[in-house]
Amino acid sequence: MLRNRIALAALILFVVIVVVSFAAPFYAHHIAHTDPFASNITGTTVVNGKQVDVLQQGGGTLGIGVVPIGPTWSSDYFIGADNQGRDVMARVLYGGRASLEIGVGSAVLCCLIALILALIAGFFGRFADSILSRVMDLIWAFPVYLLAISLATVLLTLPNGLRWGFIHVQPSSLWVPTLIITLVYVPYVYRPVRGQVLSVREKEYVEAAIAQGASSLRLMFSEILPNVVTTVIVMLPLMIATTVLTEAALSFLSIGVQPPKASWGTIIDDGQALLYSRPWVAIAPGIMILLTVLSLNVLGDGVRDALDPRAKLRMKG
Amino acid sequence: MALFIVRRLIGLVAVLFAITVLVFLIFFATPGVDPTRSLAGRNPTPETIAAVRHQFGLDRSKPMQYLLMMKRLFVSRDLVSYGNQALLVVPAIASAAPVTFSLVFGAAVIWIVFSILTGLLAVILKGTIWDPLLMIFALIGISMPVFWLGEVMNLITQDRLHGTFLFSWVPPLGYVPLTQNPWQWFLHLVIPWFTLSVLYIGFYARVLRANLLDVENEDYVRTARAKGLPERQVLVKHMLRTSMITFVSLFGLDFGILVGGGALLTEVVFGLPGVGQLTYRSLVSLDLPVIMATVIYGAFFITIASALVDVLYARLDPRIRPA
């Protein structure tokens, strides 16, 4: 099956991106020989046997201003430096780690929360269901980016971070964008999963279990959960694709990942000022996002085709 | 039908009310948030803080603050920005809205035309290599961050290929009002239009293709074919028309979202002074009243768009209409 092979190739690509991103410290220490988070304004590097400044004077368009070194296509400064003299390739790898942690973390959290809420809506009566649906409708009515922006702005202004009982989140923590993105997308998973829970609840085997005197916990976890979990699994790769894009957008607007930490979005933001002189700073992280999201979308299509018989029928027809 | 519309309107008002309350709570009642911090300048004395708090009504109770804010937003329309107190928030949004509308309207025309073409072509060319190729292009379009695509477009059209005949016509970044010079308005918006529409072309083409293939197995399509109608007529009159119901409802929502501020990233990258740009500027300076007003404005557009879509949907498809 060609489609299965394509989905498998997408999975391999995604795994490679994850592995490479998590090998960022190794790359920085052993290949690029640099600390991608320390500015290196006065540093030098060796290109073609010659000692060169990382930030070059007079490299600008009119022969004035400072321009970081461009791609050397060798181990140090492979695709050049940013305007603080930091190795962009090493930063892109570290940035990938943050982007993937936030993307995967928020997508998984989102699916878990939606699943739990959907089970609650299906089992604790119509009252719980209607309250949950109202809340979800309200979040749904918000434009995703505007809600995320509002929450991020407020959380970033808090001087000591968010204190909520024993939970304490620093403004610079990766948890801030993760939780915001999670919250914003919960309704998108909740709606289909809730529908699934409500329809599975009416099935004969569930009635049989009720007749046998199964408790509601047992019903939830051993009768209903296994049957709705596929819906969530089908959605997961597509959700990660969405959350990775959202994280990039928030970080690009400087309300996602906060410095000194970097993510693909923040690096594109850094590269904006160098766009015409050193375009690789902005292009490289964008290519990484494109590859990641593309592989997840293809994978998501493959998983859906594999688990949803209706889609298979469509392919044959 | 009238009853359905009235019910939907009441729901609309309730949602809008809930949204304003939620936005207010986010910005003014999150524990630890202090709106005066961005108001009173650096290292303010306690007296300045007290004066500022009084001036902006922040020493009142929370419900009172909410009512005051809503009054200044909707009734007297004299809510001022915290960063620049000469800036009235409501007129600022009103003057930015045409820019956003120009951007979204043009992009919408492009994405409707191209996505229908792509979706139809993919179905017509099913079984050849072109169908999967078109769908891969559509997937790539969906997978690109729009702000990154915008920067790459800028790099190409403003710098690298600007000297060549291909893109020498592209004017510098910015916006010219339609009323001032329609031709310049058009030239300034062409690249932003295409950039913004790429994602939607990909998405709508995929949805349309899936829908078309779904209805292909329906009885009425088989009947149309069996009675010997030409393939083109079956495709356009029978299959495309049914698939348009989903298309129209998706379009209404996306249009609302974009006009309501979803085009923010495109506006920022291309330097278009629309509502999104206004939100972005106020984000950078943490100008809470402006952010709050733009968020409420955006949410309004989206809820109204979704209500309109529901009504339209009920008109198009009588099965939706509740008895």
Side-chain angles (χ1 to χ4, degrees), chain A residues 2 6 134 137-147 149-164 241 244-245 248-249 252-255 264-265 268-269 271-272 275-276 279 282-283 285-287 289-298 301 310-311 313-315 317, chain B residues 11 15-16 18-19 22-23 26-27 30-35 37-38 132 135-136 139-140 142-149 151-152 154-155 158-160 210 213-214 216-217 256-258 260-262 264-265 268-269 276 279-280 282-284 286 288 291-292 294-295 298-299 301-303 306:
Chain A
L2 179 69
I6 294 177
R134 286 283 151 269
D137 282 350
L138 184 58
I139 301 180
W140 184 286
F142 255 99
V144 167
Y145 282 107
L146 292 185
L147 181 58
I149 283 171
S150 315
L151 291 170
T153 320
V154 165
L155 289 184
L156 291 177
T157 49
L158 298 179
N160 302 317
L162 186 66
R163 276 174 195 282
W164 206 36
V244 166
L245 281 177
F252 176 73
L253 295 173
S254 65
I255 47 174
W264 287 330
I268 297 180
D269 189 25
Q272 223 181 348
L275 187 61
Y276 299 149
I283 290 180
I287 291 177
I289 298 175
L290 174 59
L291 289 177
T292 309
V293 176
L294 185 62
S295 68
L296 286 165
N297 277 332
V298 174
D301 278 4
R310 228 175 79 112
L313 196 81
R314 192 189 300 145
M315 270 155 50
Chain B
V15 168
L16 289 180
I19 284 175
L22 186 63
V23 174
I26 290 175
F27 283 120
T30 305
V33 127
D34 182 4
R37 264 167 30 89
S38 51
M135 286 305 112
I136 286 174
L139 259 185
I140 291 178
I142 294 174
S143 307
M144 271 188 289
V146 62
F147 56 93
W148 178 75
L149 178 64
E151 296 214 331
V152 173
N154 276 341
L155 178 66
Q158 297 284 338
D159 193 67
R160 291 300 194 263
L213 293 183
D214 260 352
E216 194 163 37
N217 299 326
I257 288 174
L258 285 177
L264 167 120
L265 293 157
V268 169
V269 171
T279 319
Y280 177 66
S282 44
L283 270 181
V284 176
L286 290 178
L288 294 183
I291 304 177
M292 173 149 166
T294 50
V295 170
F301 261 97
I302 291 165
T303 10
S306 93

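All chains are named by letter (A, B, ...) in the order of the sequence lines, taking the proteins before the strands, and each is independently numbered beginning at 1.
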message: Is Ile268(A) in contact with chain B via its backbone, its side chain, both, or neither, using a 4.5 Å heavy-atom distance?
response: both

Winner by heavy-atom pair count (cut-off under 4.5 Å) against chain B, out of Leu245(A), Leu291(A), Leu147(A): Leu245(A)

- prompt: Is it the side chain or the backbone of Ala248(A) that comes within 4.5 Å of chain B heavy atoms, both, or neither?
  reply: both

Side-chain heavy atoms of Trp148(B) within contact of Ile287(A), under 4.5 Å: yes

query: In Å and rounded to the nearest 0.5 Å, what is the CD1 to CG distance from Ile142(B) to Leu294(A)?
result: 9.5 Å

query: Which of the residues Ile289(A), Leu138(A), Val244(A) is involved in the greatest number of heavy-atom pairs with chain B at under 4.5 angstrom?
result: Leu138(A)

Result of checking Val23(B), Leu22(B), Ile26(B), Thr294(B) against Ser150(A) for side-chain contact (heavy atoms from CB on, under 4.5 Å): Ile26(B)

- prompt: Which one, Val15(B), Leu139(B), Ile257(B), leads in non-hydrogen pairs under 4.5 Å with chain A?
  reply: Leu139(B)

query: Of the backbone (N, CA, C, O) and the side chain (C-beta and beyond), which part of Ile302(B) lies under 4.5 Å from a heavy atom of chain A, both, or neither?
result: side chain

- line: Between Leu275(A) and Glu151(B) the two heavy atoms that sit nearest each other are CD2-O, 3.5 Å

message: Counting heavy-atom pairs closer than 4.5 Å to chain A, which one of Pro132(B), Ser143(B), Pro145(B) comes out on top?
response: Ser143(B)

Intermediate values then yes/no, side chain to side chain contact (heavy atoms under 4.5 Å, CB included), Val146(B) and Phe252(A): CA-CA 11 Å; Val146(B) 62; Phe252(A) 176 73; over 6 Å; no

query: Leu149(B) versus chain A, heavy atoms under 4.5 Å apart: side chain, backbone, both or neither?
result: neither

- request: Mind listing the closest non-hydrogen atom pair of Arg160(B) and Tyr276(A) along with its distance?
  value: NH1-O, 2.8 Å

field: Pairwise side-chain contact, Leu265(B) with Leu253(A), heavy-atom cut-off 4.5 Å (strictly under)
entry: yes

